[in-house]
Amino acid sequence: MCGILGVVGQSPVNQLLYDGLQLLQHRGQDAAGIVTANGKTFHMHKGSGLVRDVFRTRNMRSLFGNAGIGHVRYPTAGSASSLAEAQPFYVNSPFGIVLAHNGNLTNTDELKNDMYRNDLRHINTNSDSEVLLNVFAHEIAARVENATLTADAVFGAVEAVHRRVKGAYAVVAMIAGFGLVAFRDPHGIRPLIMGTTEADGKVEYMFASESVSLDCSGFKPLRDVQPGECVYVTFDGEMQAKICAEKTQLAPCLFEYVYFARPDSVIDGVSVYQSRLVMGDMLAEKIRREYPELNIDVVIPIPDSSRQSALQLANALGLPYREGFIKNRYIGRTFIMPGQAVRKKSVRQKLNPVPLEFAGRNVLLVDDSIVRGTTSKEIVQMARDSGAKKVYFASAAPAVRFPNVYGIDMPTRAELLATGRDDSQIAAEIGADAVIYQDLAALEQAVHSLNTTLNVFEASCFSGCYITGDIDEAYLDAIEAARHKSKSASEQKDEDSSNQMVDLNLNVAEQNLM
């Protein structure tokens, strides 16, 4: 999962982009990048690490311009350690285009081959985002006449992207000398929202992965970018939008509501905070209905994203809610750390139990989900070491049994705790006395109840049903084999990739494409 941001303003936007990316930092901690547009010149800075570490005062001073895009990276396709794959990406034809992408393409290899043989474009990295940029750039070039770009040419290019590209993608891009383009895949799997504000009587636009970036930057949320829609905003502030896909179906990723998004965000009309409260109600109902024999003394959340569900669950069951784990705020989210060894090592640095809340009690631990189970096993053991009599473990999400191919780092079945195991076996594996999972129907209902227009969801990691219809057993086998082959090399590179930075001033001249 990644976070993207785009702004067209009336004054310098470098600080807006920096602040907005910090609000999206939870979506990716591997790398960060900003590109600003000043006339026909792009200014770029990107590097490995957190936003606060990548951008120093000297970097910010070089990011001139009233428009820009930004990205925080969480590696999905490609290499977790390669700075060359930090976004945004840049191509110099036509005009010069930069692009930032959240999601994952499912036909990358096919597109790469097509780019090489038919479009005569070179792909320099293993990133599917660079492939997406080159497809978009090629389609723009095919529609440009006399070095002039029109809104119809932009919309036509995005229509072609939708025909050629499969998978999940929310995109912000800039075309030098013209404007900013934002679009979303025909299923709307990855979130993208737009907002506006006024400055000197003129409208400014912001696009972001989550509404929290708009709220905290003084922009009023306008609406979500629709599935298959393209929004084009010129650098003069003129906005046009068009649905550019023949068939569209809004099917947002359920894992956004469960884990990834901040609770103070609203995604596709659903408050993430409120959805997690309803998840807690649904989980409480299941415990009341199917596990009446459990003698629970206290409910304790695994901070942070399970707090709302745990609190509501405790209220619904009439049980005490206690904060039994104290989180170190200076340790990154373990789920999005590259490498299982790094993830496992960080758990006890990240959380520390309060023995007073565990000693002599039957404890119900509540987490947002159980993916690999490494963290869950360590947490259960911490509860037992702190004196808990019995430890039950509840998940606000269903069992994760299948790979996700749309931008979440859970690509192999062998890495997923629930694959091939029933609930009792999972409980034994993590050392719990019982494991209680949310039902998929209940999770879908929790989100649907807050926006009744949402009737379809991307829930492949729970159900094994892939919304794009192009994923089969052979595809899953191939990505698992590729991951296994590259795993050792990737983890080694992780150790060598720190403190890498890139500064570029990309002087983009008008090009005669005739």
Side-chain angles (χ1 to χ4, degrees), residues 4 6-9 35 37 39-40 42 66-69 88-101 105 111 114-115 118-121 129 131-166 169-188 192-196 202-207 222-250 508-514:
I4 61 174
V7 181
V8 175
V35 178
K40 293 183 175 66
F42 288 144
N66 296 350
I69 63 174
F89 279 106
Y90 164 78
V91 292
N92 66 359
S93 176
F95 308 114
I97 301 175
V98 287
L99 178 145
H101 162 221
L105 308 188
L111 289 168
D114 199 34
M115 286 276 100
N118 299 323
D119 300 340
L120 304 181
R121 283 184 170 265
S129 301
V131 174
L132 179 57
L133 168 59
N134 275 272
V135 173
F136 178 58
H138 175 79
E139 298 299 340
I140 286 284
R143 289 161 177 80
V144 170
E145 295 182 4
N146 299 320
T148 300
L149 183 69
T150 65
D152 286 342
V154 172
F155 296 145
V158 174
E159 287 176 4
V161 168
H162 290 325
R163 287 194 298 269
R164 297 180 64 178
V165 173
K166 297 179 182 178
Y169 48 96
V171 171
V172 288
M174 288 193 301
I175 304 170
F178 292 98
L180 184 147
V181 182
F183 58 92
R184 199 174 175 193
D185 72 74
H187 291 93
L192 188 61
I193 189 170
M194 62 184 294
T196 60
K202 294 184 178 181
V203 179
E204 297 182 318
Y205 292 88
M206 177 180 281
F207 299 84
L222 184 62
R223 61 178 178 84
D224 296 282
V225 176
Q226 297 303 301
E229 184 181 24
C230 173
V231 181
Y232 176 47
V233 182
T234 69
F235 291 146
D236 293 328
E238 296 181 5
M239 190 271 281
Q240 298 183 59
K242 181 182 178 181
I243 300 296
C244 296
E246 293 182 2
K247 296 181 180 179
T248 64
Q249 179 186 49
L250 181 56
V508 184
E510 291 187 15
Q511 300 179 36
N512 186 352
L513 300 178
M514 295 300 291

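Note that these values count all heavy atoms, side chains included, but never hydrogens, waters or copies made by symmetry.
Nearest heavy-atom pair across V144 and T148 is CG1-O, 3.7 Å. Across V172 and A182, no two heavy atoms sit closer than the pair CG1-CB, 4.3 Å. Listed here is the closest heavy atom pair of V35 and P88: CG2-CG, 3.7 Å. The shortest heavy-atom contact between L99 and S129 is CD2-O, 3.9 Å. Annotation for P227 and G188: closest pair CB-N, 3.8 Å, computed over non-hydrogen atoms.
Annotation: ring-ring contact (aromatic ring centres under 6.0 Å, His included) contacts of F183 (sequence neighbours excluded): F136. Take N134 and apply the side-chain hydrogen bond (donor to acceptor under 3.5 Å, both in side chains) test, not counting sequence neighbours, and it matches R121. Scored by the side-chain hydrogen bond (donor to acceptor under 3.5 Å, both in side chains) test, E204 finds no partners at all (sequence neighbours excluded). By the side-chain contact (heavy atoms from CB on, under 4.5 Å) test, N66 pairs with P12, sequence neighbours left out. For the ring-ring contact (aromatic ring centres under 6.0 Å, His included) test, residues two or more places apart in sequence or in another chain that qualify with F178 are F95.
Separation of atoms CG (L133) and NE2 (H101) is listed at 11.5 Å; rounding is to 0.5 Å. Separating the CG atom in L180 from the OH atom in Y205 is a distance of 11.5 Å, to the nearest 0.5 Å. Atom-to-atom distance recorded for I4:CD1 and I69:CD1 is 8.5 Å, nearest 0.5 angstrom. Taking CZ of F207 as the reference point, atom CG of L222 lies at 9.0 Å (rounded to 0.5 Å). Rounding to the nearest 0.5 angstrom, the gap separating the OG1 atom in T196 from the CZ atom in R223 is 11.0 Å. The structure places CD1 of I243 at 6.0 Å from CD of Q226, a figure rounded to the nearest 0.5 Å.
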Next item on the list: Start with the C-alpha gap between L192 and D224, add the side-chain angles, then the distance that decides, and say whether side-chain contact (heavy atoms from CB on, under 4.5 Å) holds.
Entry: CA-CA 6 Å; L192 188 61; D224 296 282; over 6 Å; no
Identify each donor-acceptor pair in which a side-chain atom of residues 230-240 lies under 3.5 Å from a protein atom, sequence neighbours left out, and give them as a table.
| unit_1 | atom_1 | unit_2 | atom_2 | d |
| --- | --- | --- | --- | --- |
| T234 | OG1 | D236 | N | 3.3 |
| T234 | OG1 | G237 | N | 3.4 |
| T234 | OG1 | E238 | N | 3.1 |

Expected list for residues 151-166: side-chain donor-acceptor pairs under 3.5 angstrom, two or more places apart:
| unit_1 | atom_1 | unit_2 | atom_2 | d |
| --- | --- | --- | --- | --- |
| E159 | OE2 | K242 | NZ | 3.4 |
| H162 | ND1 | Y169 | OH | 2.7 |
| H162 | NE2 | G228 | O | 3.4 |
| R164 | NH1 | D119 | OD2 | 3.2 |
| R164 | NH1 | E139 | OE2 | 2.8 |
| R164 | NH2 | D114 | OD2 | 2.7 |
| R164 | NH2 | D119 | OD2 | 2.8 |

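With a 4.5 Å cut-off on side-chain heavy atoms, V135 and M115 count as touching.
Under a 3.5 Å cut-off, the side chain of R184 and the backbone N or O of E229 do not form any donor-acceptor pair.
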